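Right, one structure below, let's go through it.
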Amino acid sequence: QVQLVESGGGVVQAGGSLRLSCAASGSVNDINSMAWYRHDLVASITSGGSRNYSDSVKGRFAISRDSAKNTVYLQMNNLRPEDSAVYYCEADGYRDYWGQGTQVTVSS
């Protein structure tokens, strides 16, 4: 089993930045890749460091992974009101694991 705990959400004005964190615990050696979702996939990163982004966030968001801390981050810059959503962390292992979500609200 893998447990995921997200943090870092909040309210920010358009153009601002937030950094989301997702800390994994439990059977972390089972994790192959991790990702952030809102309505759909935002960004993903594999254990080898390969990254993938949705077109809507390319150039503004950056996903990174600290293997020593079993944590994945999502740096979000130049935020827009349409980025407002609950952001969920997902880990791909023997099965998909999901965090509880963290709310991001971008005011115009």
Side-chain angles (χ1 to χ4, degrees):
Q1 287 284 67
V2 173
Q3 295 78 42
L4 302 172
V5 178
E6 300 108 328
S7 61
V11 180
V12 64
Q13 288 189 331
S17 299
L18 284 174
R19 188 176 81 153
L20 306 183
S21 300
C22 174
S25 60
S27 301
V28 295
N29 289 334
D30 295 343
I31 297 173
N32 296 313
S33 63
M34 296 184 73
W36 288 96
Y37 283 81
R38 45 192 192 194
H39 313 295
D40 49 17
L41 177 68
V42 175
S44 64
I45 185 167
T46 68
S47 56
S50 296
R51 295 166 171 83
N52 184 47
Y53 297 95
S54 70
D55 289 342
S56 63
V57 306
K58 281 180 181 176
R60 300 188 298 124
F61 290 12
I63 190 170
S64 60
R65 187 171 180 173
D66 186 334
S67 298
K69 295 182 179 179
N70 298 315
T71 300
V72 66
Y73 304 96
L74 185 68
Q75 178 67 43
M76 305 186 295
N77 299 324
N78 192 19
L79 282 159
R80 305 167 180 167
E82 55 264 37
D83 294 319
S84 298
V86 178
Y87 284 69
Y88 295 93
C89 177
E90 182 263 350
D92 177 32
Y94 285 115
R95 66 173 181 87
D96 284 346
Y97 300 93
W98 294 89
Q100 80 286 355
T102 185
Q103 177 71 49
V104 171
T105 302
V106 184
S107 62
S108 57

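Predicted model, so just to flag it, every value in this text is computed and none were measured. The basis for the numbers below is simple: all heavy atoms, side chains too, and nothing from hydrogens, waters or symmetry mates.
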Here the side chain to side chain donor-acceptor pair (under 3.5 Å) pairs for residues 51-62, sequence neighbours left out, are R38-S56, S54-S56, D55-K58, R60-D83
Could you tell me how the ring of F61 sits relative to the ring of Y87: parallel (under 30°), tilted (30 to 60°) or perpendicular (over 60°)? tilted
Which pair of heavy atoms, one from C89 and one from M34, lies closest together, and at what distance? SG-CE, 3.8 Å
Between T71 and S21, the two heavy atoms sitting closest are CG2-CB, 4.3 Å
Can you see which heavy atom on Q103 is nearest to which on V86, and at what distance? OE1-CG2, 3.1 Å
Residue pairs, two or more places apart or on separate chains, that pass salt bridge (charged side-chain N to carboxylate O under 4.0 Å, His left out) and touch residues 95-105: none
Flag if over 12 foreign heavy atoms under 6.0 Å of CD, E82: yes
Sorted by chain and residue number, the side chain to side chain donor-acceptor pair (under 3.5 Å) partners of S17 (sequence neighbours excluded) come out as N77
Which pair of heavy atoms, one from L4 and one from A24, lies closest together, and at what distance? CD2-CB, 3.6 Å
Taking all atoms of both residues into account, what is the closest heavy-atom pair of S108 and A14, and its distance? CA-CB, 4.3 Å
Working for side chain to side chain contact (heavy atoms under 4.5 Å, CB included), residues M76 and V104: CA-CA 10 Å; M76 305 186 295; V104 171; 3.9 Å; yes
If two hydrophobic side chains count as joined below 4.5 Å and joins carry through other members, does V28 share a cluster with I63? yes
Identify the heavy atoms of A35 and L41 that sit nearest to each other, and give their distance. CB-CD1, 3.8 Å
Mind jotting down which residue pairs meet the side chain to side chain donor-acceptor pair (under 3.5 Å) criterion with at least one end in residues 26-37? Sequence neighbours excluded, please. none
With heavy-atom distances below 4.5 Å as the criterion, would you say the side chains of Y97 and Q3 are in contact? no
How many angstroms lie between CZ in R65 and CD1 in I45, if you round to the nearest 0.5 Å? 6.5 Å
Just verifying a value: how many Å separate Y73 OH and C22 SG, rounded to the nearest 0.5 Å? 10.5 Å
Hydrophobic side-chain clustering at under 4.5 Å (ILVMFWY, transitive links): who's grouped with Y94? Put none if nobody. none
Kindly indicate whether the side chain of E6, heavy atoms from C-beta on, has any atom under 4.5 Å from the side chain of L20. no
Could you tell me if the side chain of D92 sits less than 4.5 Å from the side chain of T46, heavy atoms only? no
To the closest 0.5 Å, what do you measure between OG (S47) and CD1 (I31)? 10.0 Å
Taking salt bridge (charged side-chain N to carboxylate O under 4.0 Å, His left out) as the cut-off, I'd like each qualifying pair that reaches into residues 18-27, sequence neighbours left out, listed once. none
